[in-house]
Amino acid sequence: MRETIMGSLALSRVEASDQPAPSIAGEVARIAREQLAPLAMGIDDGSVYPADVMRKFGEVGAWGSHMPPEGPADLRCAIQAMAAIGEVCGATAFMAWCQNTLVWYAGNSTNLKLAKRFGDGFSTGRVLGGTGLSNPMKSFFGIERLKLKGRKVDGGYIVRGALPWVSNLGPDHYFGTIFEREGEPGIASGEPGQVMFLADCSDPAITLTPCKPFLAMDGTGTYGVQFRDVFVPDELILADPAAPFVKKIRAGFILLQAGMALGLIRDCIKIMDEVGGPLGHINRYLPQQPVQFGELAAELEAETMALARDPYNEEETYWRKVIALRLRAGDASVAAAHAAMLHCGARGYLKSHRAQRRLREAYFVAIVTPATKQLRKMLADS
């Protein structure tokens, strides 16, 4: 039965081989060049939310490759597809991560009715959405308290509270998040009082409030979300209790973010190469050169692909490698974008030049949950 339910999530799944399926990443790259590139500036300034392009990516398998019907998952193709998007637009790569995590949640849920109802829609991009785990992920590591509270009623829960930032949302979107049962406060080490669920943005008791303008990436469908006594039926419960489920999906949650970094770094290398002709005679005095970032990108990609083959690995050494890789990827993104800006000089300072957009996007890679400072805390605590 599990195979039947999850089969739709494997429309484009990757076979266990040394390389991810090139056809999906190649198709994604083509769509990104032809349809996404003209929208990148609008997505950055908030005038465009690329729903149609996100659905196009889903049609070629970008959101379904990381969920096989049985056995271990393989995240390599999903990460490569996200990197192809990230080479064109960091904001859309972030939304790709949001969509992929939504698929990851549904595909790993033991709520088979939920998987059957949403699996195909999420993995094909017919239904878009994201993840509201920024606050819960911080709460698991003692940084924040859970912002959502829920109480049990017949057939489900009543949930109240607010999340300040949730991305890739719209009035017909879904996202996964966690509440704490009222009267059963959780602690950071395995809390039976936490429940993970799917939030339906079309629910009239859920209010989406546009956020204040960001430094970059304003077209990512990012909202503050208010829950005003929202009834969450049992059919929308992803995991109860949430803690064991989060432990299962946490490596995939973090590893998928590597796609954002890899794509951005690749384009920063391209930017440096593009100005090599007219500015190479002076740029050679800069301490960081594109060849160095090419070597770094290759190292990060090789390590990412190795870890992405086994996202259910429960060994603590594996978990530490995932955290350390994510930390390196964020640092490398900022370093590569900084170098690209310096290589471009004054021309990169123009609003029309993508070098300054890449620099602003790179800071987001370093601060999106888990941020650089949280990753360092996680390494220190583990």
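Because the structure is a prediction, the values reported are computed rather than measured. Hydrogens, waters and symmetry mates are skipped; everything else that's a heavy atom, side chains included, is used.
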Open item on the list: Take a 6.0 Å sphere around NZ of Lys247 and say whether it holds more than 12 heavy atoms from other residues, nucleotides or ligands.
Closed with: no
TODO: Check Arg358 against Cys268 and note the closest heavy-atom contact, atom names and distance.
DONE: CB-SG, 4.1 Å
Open item on the list: Within the structure provided, determine whether Val195 and Tyr157 are in side-chain contact (heavy-atom separation under 4.5 Å).
Closed with: yes
- [ ] Could you tell me whether a side-chain N or O of Gln80 sits under 3.5 Å from a main-chain N or O of Ala25, the two making a donor and an acceptor?
- [x] no
Task: Lys/Arg N to Asp/Glu carboxylate O, Arg360 vs Asp45, below 4.0 Å - done: no
Open item on the list: Using a 3.5 Å distance criterion without hydrogens, assess whether the side chain of Lys152 forms a donor-acceptor pair with backbone atoms of Gly156.
Closed with: yes
TODO: Measure the shortest side-chain to side-chain distance between Thr369 and Gln374 over non-hydrogen atoms and say whether it is less than 4.5 angstrom.
DONE: yes
Task: Lys/Arg-Asp/Glu bridge criterion (N-O < 4.0 Å) met for Glu182, Arg160 - done: yes
Open item on the list: Can you tell whether the side chains of Arg266 and Glu301 come within less than 4.0 Å, N to carboxylate O?
Closed with: yes
- [ ] For Ser109 and Leu238, indicate whether the former's side chain and the latter's backbone hold a donor-acceptor pair under 3.5 Å.
- [x] yes
TODO: Please go through Val153's hydrophobic cluster and name the other residues, only I, L, V, M, F, W, Y counting, with side-chain heavy atoms under 4.5 Å joining them.
DONE: Ile158, Phe231
Task: Donor-acceptor contact below 3.5 Å, side chain Asn111 vs main chain Asp234 - done: yes
Open item on the list: Can you confirm whether more than 12 heavy atoms, excluding those of Arg376, are under 6.0 Å from its CZ atom?
Closed with: no
Task: Euclidean distance, Trp63 CH2 relative to Phe57 CZ, rounded to 0.5 Å - done: 6.5 Å
Task: Lys56 atom NZ, neighbour heavy-atom count above 12 within 6.0 Å - done: no
Open item on the list: Does any part of the side chain of Lys147, heavy atoms only, come nearer than 4.5 Å to the side chain of Pro164, both counted from C-beta?
Closed with: yes
Open item on the list: Rounded to the nearest 0.5 Å, what separates atom OG1 in Thr92 from atom CD1 in Ile43?
Closed with: 3.5 Å
Task: Minimal non-hydrogen separation, Gln226 against Ala162, with atom names - done: OE1-CB, 3.6 Å
Open item on the list: For the NZ atom on Lys377, are there more than 12 heavy atoms of other groups (residues, nucleotides or ligands in this structure) within a distance under 6.0 Å?
Closed with: yes
Open item on the list: Taking atom NZ as the centre, does Lys270 end up with more than 12 heavy-atom neighbours from other residues, nucleotides or ligands that are less than 6.0 angstrom away?
Closed with: yes
Open item on the list: For Met378, run the side chain to side chain contact (heavy atoms under 4.5 Å, CB included) check against Ile143, Ile323, Leu327, Val322 and tell me which one passes.
Closed with: Ile323
- [ ] Answer yes or no: is there a side-chain heavy-atom contact under 4.5 Å between His343 and Leu286?
- [x] yes
Task: Note, Ile31 side chain near Val53 side chain (heavy atom, < 4.5 Å) - done: yes
TODO: Look up atom CZ in Arg76 and atom OG in Ser65, then write down how far apart they are to the nearest 0.5 Å.
DONE: 10.5 Å
Task: Closest non-hydrogen atom pair, Ala366 against Gly330 - done: CB-O, 4.3 Å
Task: Close side-chain approach of Pro50 and Met95, heavy atoms under 4.5 Å - done: yes
Task: Backbone of Met217 reached by a side-chain donor or acceptor of Thr220 within 3.5 Å - done: yes
Open item on the list: For a quick test of reading the model, state the closest non-hydrogen atom pair linking Gly130 to Leu169 and the distance between them.
Closed with: N-CD2, 4.3 Å
- [ ] Check whether any side-chain N or O of Asp74 sits under 3.5 Å from a backbone N or O of Asp310 as a donor-acceptor pair, and report yes or no.
- [x] no
Task: Shared hydrophobic cluster, Val232 / Val127 (ILVMFWY, side-chain heavy atoms < 4.5 Å) - done: yes
Task: Gln194 side chain vs Phe179 backbone, donor-acceptor pair below 3.5 Å - done: no
- [ ] State whether Arg347 and Glu274 are salt-bridged, where the test is any N-O pair (Lys NZ or Arg NE/NH1/NH2 against Asp/Glu carboxylate O) under 4.0 Å.
- [x] no
Open item on the list: Rounded to the nearest 0.5 Å, what separates atom OG1 in Thr131 from atom CD1 in Ile249?
Closed with: 7.5 Å
Task: Contact check, side chains of Ile79 and Met305, non-hydrogen atoms, under 4.5 Å - done: yes
Task: Distance in Å, Lys248 NZ paired with Asn108 CG, rounded so as to fall on 0.5 Å steps - done: 4.5 Å
Open item on the list: Taking Leu215 as the starting point, is it possible to reach Met260 by hopping between hydrophobic residues whose side chains are less than 4.5 Å apart?
Closed with: no
TODO: Check for a donor-acceptor pair, side chain of Tyr318 on one end and backbone N or O of Leu307 on the other, with a separation under 3.5 Å.
DONE: yes
Task: Aromatic plane relationship, His173 with Tyr49 - under 30° parallel, 30 to 60° tilted, over 60° perpendicular - done: tilted
Open item on the list: I want to check something: taking the side chain as every heavy atom from C-beta on, are Thr177 and Val166 in contact at a cut-off of under 4.5 Å?
Closed with: no
- [ ] For the pair Trp104 and His66, name the ring-plane relationship: parallel under 30°, tilted 30 to 60°, perpendicular over 60°.
- [x] parallel
Task: Heavy atoms of other groups near Tyr363 OH, more than 12 under 6.0 Å - done: no
Open item on the list: Quick check on the hydrophobic clustering: are Val275 and Ile265 connected, directly or via other members, by side-chain heavy-atom contacts under 4.5 Å?
Closed with: no
Task: Flag, side chain of Gln289 to backbone of Asn283, donor-acceptor distance under 3.5 Å - done: yes
TODO: Following the transitive rule for hydrophobic clusters with a side-chain heavy-atom cut-off under 4.5 Å over Ile, Leu, Val, Met, Phe, Trp and Tyr, establish whether Trp165 and Leu148 coincide in one cluster.
DONE: no
Task: Under 3.5 Å: donor-acceptor pair, side chain of Arg326, backbone of Ala258 - done: no
Task: Shared hydrophobic cluster, Leu256 / Trp319 (ILVMFWY, side-chain heavy atoms < 4.5 Å) - done: yes
Open item on the list: With a sphere of 6.0 Å drawn around NE2 of His338, does it hold more than 12 non-hydrogen atoms of other residues, nucleotides or ligands?
Closed with: no
- [ ] Mind telling me whether Trp97 and Phe253 have parallel, tilted or perpendicular rings, with 30° and 60° as the class edges?
- [x] perpendicular
Open item on the list: Under 4.0 Å between a side-chain nitrogen and a carboxylate oxygen: does that hold for Lys351 and Asp44?
Closed with: no
Task: Atom pair CG/CZ of Leu359 and Phe364 - distance to nearest 0.5 Å - done: 15.0 Å
